[in-house]
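The structure under discussion appears below in the form of structure tokens.
FYI, side chains are in, hydrogens and waters are out, and symmetry mates aren't considered; it's all heavy atoms of this structure. Throughout, protein chains are lettered first and strands after them, A, B, ... in sequence-line order, and every chain is numbered starting at 1.
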Protein chains: 2
Amino acid sequence: MERADVIPLLGEVFRAHGFEGASLSAITAGTGLGKGSLYHFFPGGKEEMAAAVLQDIDGWFERAVFAPLRDEPDAAAAIRASLAAVEQYFRSGRRVCLVGVFALGEVRDRFADEVEGYFARWRAALAAALQRAGRPEAEARDTAEDAVLTIQGALVLARALDDPAVFTRALARLEHRLFG
Amino acid sequence: MERADVIPLLGEVFRAHGFEGASLSAITAGTGLGKGSLYHFFPGGKEEMAAAVLQDIDGWFERAVFAPLRDEPDAAAAIRASLAAVEQYFRSGRRVCLVGVFALGEVRDRFADEVEGYFARWRAALAAALQRAGRPEAEARDTAEDAVLTIQGALVLARALDDPAVFTRALARLEHRLFG
DNA sequence: GTCTATAAAGCGATAGAC
DNA sequence: GTCTATCGCTTTATAGAC
């Protein structure tokens, strides 16, 4: 077992329990690793584990969502592809956004840079794509902000109502709003 | 000091720390009450405190938002008024939604009825108002869901970016989408 | 690299004085 | 109704065997 293999498992534990709720015993249960191994990989304890998870998630979004939105020549196609990637990543509404969970908690301040950076880059990358797709700058920025927050809100409401369809409906409306 | 006076203070503590993060010492700090008084008012401990807070919030929304949406003769005016009430309640994006915070955590399942009920009644009341305002039923339901989730997402993003203006902009766009 | 044992602190909750 | 003292348990983190 390597450090890199542990991080996704840690991610699911933090996603399910939040930062304060993710006790070491929940983490050992979720990873199958004892405290000894955990502290061997992450000498900084829970804080280092959470930081590693945030970096891992950020890296995934950077590669799969942000970079294509910024660089793909066909901006409209990149936007559509990013929505599909997001739908898959959040398991069609059955999975929650860890960065969003952290953002709402007091833990937000401890990881302020990571949380802010994630959402700021998402919004900026989508705004850039919308502008390349022909929208005026101000409208592109507004629409991008609306899209990012719609995805977050859809995840909240889907979990609140225990109805993943809320998320898929919201993404469908969003796509219609972006292109229709 | 009466039980009813404590509940709003408890609400702010749970809002800031979440359920698991709201330790008894945080609660004593936030309320100014020792454990003795706390357990005198809420023999069931933290769980009873959180339940009381959820009920209090639900009661406020029922009176100030849901009931007017359902009953006001002028549906359009009721919708506008509800948005204004929501903007004020969430302090223009500086305050987070406690029910949304609970919804994202594992604590959601412990208060499943309260969390589901709050959002389901919000969505239903807004859908009813939109229908009375002339929208076809399916469109009214869709639009109501979009509105509720937009508000939640706006709160997440506003806190993530530490920028309350994200929330006020989202509400402005929402009003435009509902009427413009 | 993984484990068990253990430390020190904090947790939720209770008891009982006033 | 509010307090302090205390219980039993869990927490994060460390130490050291293997």
Side-chain angles (χ1 to χ4, degrees), chain A residues 1-56 98 101-102 104-112 114-115, chain B residues 1-56 98 101-102 104-112 114-115:
Chain A
M1 186 77 98
E2 287 181 45
R3 199 185 121 113
D5 303 319
V6 186
I7 293 173
L9 299 173
L10 284 174
E12 294 312 312
V13 178
F14 283 120
R15 214 183 287 276
H17 299 85
F19 183 78
E20 5 264 343
S23 67
L24 262 310
S25 68
I27 293 173
T28 52
T31 59
L33 258 51
K35 296 178 202 178
S37 309
L38 255 7
Y39 276 88
H40 172 74
F41 288 131
F42 308 95
K46 263 177 74 167
E47 178 133 1
E48 189 177 338
M49 298 180 208
V53 167
L54 283 173
Q55 197 182 6
D56 183 59
L98 177 82
V101 172
F102 274 30
L104 284 184
E106 59 173 348
V107 75
R108 195 231 109 154
D109 301 323
R110 234 199 281 203
F111 300 102
E114 290 88 338
V115 170
Chain B
M1 184 80 94
E2 287 182 47
R3 199 186 121 112
D5 303 320
V6 187
I7 293 173
L9 300 173
L10 285 174
E12 295 312 313
V13 178
F14 283 118
R15 213 184 287 278
H17 299 85
F19 183 78
E20 5 263 344
S23 66
L24 262 311
S25 68
I27 293 173
T28 53
T31 58
L33 258 52
K35 296 180 201 180
S37 308
L38 256 7
Y39 276 86
H40 172 74
F41 288 130
F42 308 95
K46 262 177 75 168
E47 179 133 2
E48 187 176 342
M49 298 180 208
V53 167
L54 283 173
Q55 197 182 5
D56 183 59
L98 177 83
V101 172
F102 274 31
L104 284 184
E106 58 173 348
V107 75
R108 192 230 145 217
D109 301 322
R110 235 199 281 205
F111 300 102
E114 290 88 340
V115 171

Q) Would you say B:Glu48 has more than 12 foreign heavy atoms packed within less than 6.0 Å of its CD? A)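 More than 12 within 6.0 Å, yes.
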Mind checking side-chain hydrogen bond (donor to acceptor under 3.5 Å, both in side chains) for [X] and listing every partner two or more places apart, or none if nothing turns up?
X        : answer
B:Ser25  : B:Ser23
B:Glu106 : none
A:Arg108 : A:Glu116
B:Glu12  : B:Arg15, B:Arg95

Q) Between the main-chain N or O of A:Phe19 and the side-chain N or O of A:Lys46, is there a donor-acceptor pair closer than 3.5 Å? A) yes
Q. Which part of the nucleic acid, if any, lies within contact of A:Ser23, taking any heavy atom under 4.0 Å across all strands shown: a base, the sugar-phosphate backbone alone, or nothing?
A.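 Sugar-phosphate contact only - A:Ser23 comes under 4.0 Å of backbone atoms but never of a base.
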Should [X] be listed as having a side-chain N or O under 4.0 Å from OP1 or OP2 of [N]?
X       : N      : result
B:Ser37 : D:dC3  : yes
A:Ser25 : D:dT10 : no
B:His40 : D:dT2  : no

Q | Integer-rounded Å distance: C:dG12 C1' and B:Glu48 CD | A |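 In whole Å, C:dG12 C1' and B:Glu48 CD are 14 Å from each other.
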Q: Would you kindly give the CG-to-P distance between B:Leu38 and D:dG1, to the nearest whole Å?
A: 14 Å
(Q) Are A:Leu24 and A:Met49 packed together at the side-chain level, in the sense that at least one heavy-atom pair is separated by less than 4.5 angstrom? (A) yes
(Q) Would you say that B:Val6 contacts B:Arg3 through its side chain, given a criterion of any heavy-atom pair below 4.5 Å between the two side chains? (A) no
Nucleotide N/O of nucleotides 13-17 of chain D paired with protein N/O under 3.5 Å:
unit_1	atom_1	unit_2	atom_2	d
D:dA13	OP2	A:Tyr39	OH	2.6
D:dA13	OP2	A:Lys46	N	3.4
D:dA13	O5'	A:Tyr39	OH	3.1
D:dA13	N6	A:Lys35	NZ	3.0

Q: Specify the residues of residues 8-22 of chain B, ordered by number, for which at least one heavy atom lies under 4.0 angstrom from an atom of DNA chain C.
A: B:Ala22
